[in-house]
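Shown below is the structure under consideration.
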Amino acid sequence: MTIAANLLSIRQSLPEHVRIVAVSKTQPVVALQEAYEAGQRAFGENRVQELVAKHRVLPADTEWHFIGHLQRNKVRMLAPFVSLIHSIDSLALLEEVDREARRCGRVIDCLLQFHIATEETKFGLNLAEAGRLLNTYANSGMPNTRITGVMGMASFSEDTTLVRSEFRNLHSIFRELKSSFFSGVDAFKVLSMGMSGDYPIAVEEGSNLVRIGTALFGSRSYS
Ligand SMILES: *Cc1c(COP(=O)(O)O)cnc(C)c1O
């Protein structure tokens with residue numbers, strides 16, 4: 001299967017309101033170009049240098065999403081052009097994004113990343129931490145960031161009941177934050193969940209942004 005054919009079949013399996021982020025980490029630029037020609041515009045990367053390098057060669061209307069753990073000292077490299085940061089996991093990081101966005105005269109959209117999986121290793125907030133972060137955010141004025149929703153990764157597991165319950169949990173977190181902190185805020189609407197192995201379940205549980213790598217590009221080659 002070609003990338004274009006994969007993209008088409010994934011697209012056709014999704015409801016129209018669900019957007020795809022093509023997760024292109026480790027993939028060569030030609031693979032991104034092939035997806036771009038097939039109509040894909042949003043690409044997700046988890047390493048800052050790699051994202052910046054690919055941004056230089058893809059067309060200007062490509063949308064760049066950062067989906068990995070983000071170090072504060074690397075925010076400056078992304079700030080001029082990044083479309084959406086999926087992985088805000090601390091107030092300090094959000095403050096840094098706000099500061100760098102201001103230097104660029106931009107408002108940068110951000111998602112709060114939640115830890116919803118059973119695995120210890122995954123980054124992210126819990127609901128109490130997010131509540132504290134959002135209380136500070138609401139009172140401190142960070143006009144150059146806009147929180148537009150939440151992101152999470154389910155357990156890497158064959159147990160679909162477990163995976164489904166984790167996605168359901170993230171959806172309920174989304175609703176809770178919406179009513180406590182963003183009621184009437186139209187921009188707070190993104191539920192980023194679902195990857196190659198679990199996106200159909202994520203969409204059934206309310207995802208409207210799926211992050212798909214291997215199902216689109218094939219397996220990754222780490223060098
Ligand atoms: C790599 C990655 C994906 C995509 O994973 P696939 O299984 O290849 O679809 C999605 N989200 C995040 C945060 C990732 O790091």
Side-chain angles (χ1 to χ4, degrees), residues 1-14 18-28 31-32 34-35 38 40-52 54 63-71 74 78 82-90 93 97 109-125 148-160 162-164 166-167 169-171 173-174 190-223:
M1 290 274 271
T2 64
I3 291 168
N6 291 340
L7 183 60
L8 186 64
S9 77
I10 295 165
R11 182 69 268 163
Q12 285 174 338
S13 76
L14 294 172
V18 177
R19 294 194 67 212
I20 299 170
V21 177
V23 175
S24 49
K25 59 191 186 194
T26 81
Q27 301 294 344
L32 284 76
E34 194 178 333
Q40 181 64 27
R41 289 296 176 272
F43 291 84
E45 293 278 342
N46 67 349
R47 298 220 172 118
V48 172
Q49 270 94 343
E50 187 176 342
L51 190 158
V52 169
K54 287 171 173 172
E63 237 183 71
W64 296 97
H65 292 224
F66 193 79
I67 61 168
H69 184 62
L70 181 55
Q71 290 171 287
K74 303 224 170 127
L78 298 179
V82 71
S83 287
L84 181 63
I85 297 172
H86 289 232
S87 46
I88 299 295
D89 59 4
S90 72
L93 177 58
V97 172
D109 286 351
C110 295
L111 306 179
L112 299 183
Q113 181 173 355
F114 282 84
H115 183 279
I116 54 169
T118 53
E119 287 118 358
E120 292 280 328
T121 52
K122 289 184 177 153
F123 292 100
L125 302 160
T148 60
V150 302
M151 181 273 236
M153 291 167 84
S155 295
F156 187 72
S157 169
E158 301 283 301
D159 181 352
T160 57
L162 174 69
V163 168
R164 185 180 296 281
E166 291 169 352
F167 287 143
N169 179 33
L170 186 59
H171 195 172
I173 288 169
F174 172 86
V190 180
L191 187 45
S192 169
M193 59 185 196
M195 314 183 0
S196 294
D198 56 21
Y199 72 87
I201 302 174
V203 169
E204 284 170 13
E205 295 303 330
S207 172
N208 54 26
L209 189 61
V210 292
R211 308 178 309 271
I212 298 185
T214 48
L216 179 58
F217 293 111
S219 59
R220 283 184 282 276
S221 52
Y222 289 96
S223 51

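In listed order, ligands and their atoms are each counted from 1. Residue numbers count from 1 along this sequence.
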Measure across Gln113 and His86 and return the closest heavy-atom pair with its distance rounded to 0.1 Å.
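Closest pair (atom of Gln113, atom of His86, distance): CB-O, 3.8 Å.
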Residue pair Lys54, Glu45: steps toward the salt bridge (charged side-chain N to carboxylate O under 4.0 Å, His left out) verdict
CA-CA 9 Å; Lys54 287 171 173 172; Glu45 293 278 342; 2.9 Å; yes
Ser196 heavy atoms, cut-off 4.0 Å: which ligand 1 atoms fall inside?
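Near Ser196, meaning under 4.0 Å from one of its heavy atoms, ligand 1 has 6 (P), 7 (O), 8 (O), 9 (O).
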Does an N or O anywhere in Asn46 fall below 3.5 Å from an N or O of ligand 1?
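No, Asn46 has no N/O under 3.5 Å of an N/O on ligand 1.
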If you define the side chain from C-beta out and look only at heavy atoms, does anything of Leu84 sit under 4.5 Å from Phe66?
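The answer is no; the side chains never approach within 4.5 Å.
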At less than 4.0 angstrom from any non-hydrogen atom of Met153, what atoms of ligand 1 do you find?
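Checking each atom against Met153, I get 13 (C).
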Using side-chain heavy atoms (C-beta onward) and a distance below 4.5 Å, is Gln12 in contact with Leu8?
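Yes, at least one pair of side-chain atoms sits under 4.5 Å.
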Arg164 with Glu205: basic N within carboxylate O range, under 4.0 Å:
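A salt bridge is present here (some side-chain N lies under 4.0 Å from a carboxylate O).
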Please indicate whether any nitrogen or oxygen in Met151 is less than 3.5 Å from any nitrogen or oxygen in ligand 1.
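No, there is no polar N/O contact under 3.5 Å.
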Option whose closest heavy atom lies nearest to atom 10 (C) of ligand 1, chosen from Arg220, Gln113, Met195
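Nearest option to atom 10 (C) of ligand 1, by heavy atoms: Met195.
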Give the atoms of ligand 1, by number and element, whose distance to some non-hydrogen atom of Arg211 is under 4.0 Å.
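Going through ligand 1 atom by atom, the ones under 4.0 Å from Arg211 are 4 (C), 9 (O), 10 (C), 11 (N), 12 (C), 13 (C).
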Side chain, backbone, both or neither: the part of Val23 lying under 4.0 Å from ligand 1 by heavy atom:
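Side chain only; the backbone of Val23 stays clear of ligand 1.
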Parallel, tilted or perpendicular: which describes the rings of Phe123 and His69, with under 30° parallel and over 60° perpendicular?
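Because their plane-to-plane angle is under 30°, the rings of Phe123 and His69 count as parallel.
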Applying a 4.0 Å heavy-atom criterion (strictly less than), which segment of Lys25 is in contact with ligand 1: side chain, backbone, both, or neither?
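The answer is the side chain of Lys25.
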Of all the atoms in ligand 1, which lie at a distance below 4.0 Å from a heavy atom belonging to Ile212?
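This gives 9 (O) as the contact atoms.
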Considering only heavy atoms of Thr214, which atoms of ligand 1 have at least one such atom less than 4.0 Å away?
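Listed by number with element: 6 (P), 7 (O), 8 (O), 9 (O).
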Check whether any side-chain N or O of Asn6 sits under 3.5 Å from a backbone N or O of Leu216 as a donor-acceptor pair, and report yes or no.
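At least one qualifying donor-acceptor pair exists.
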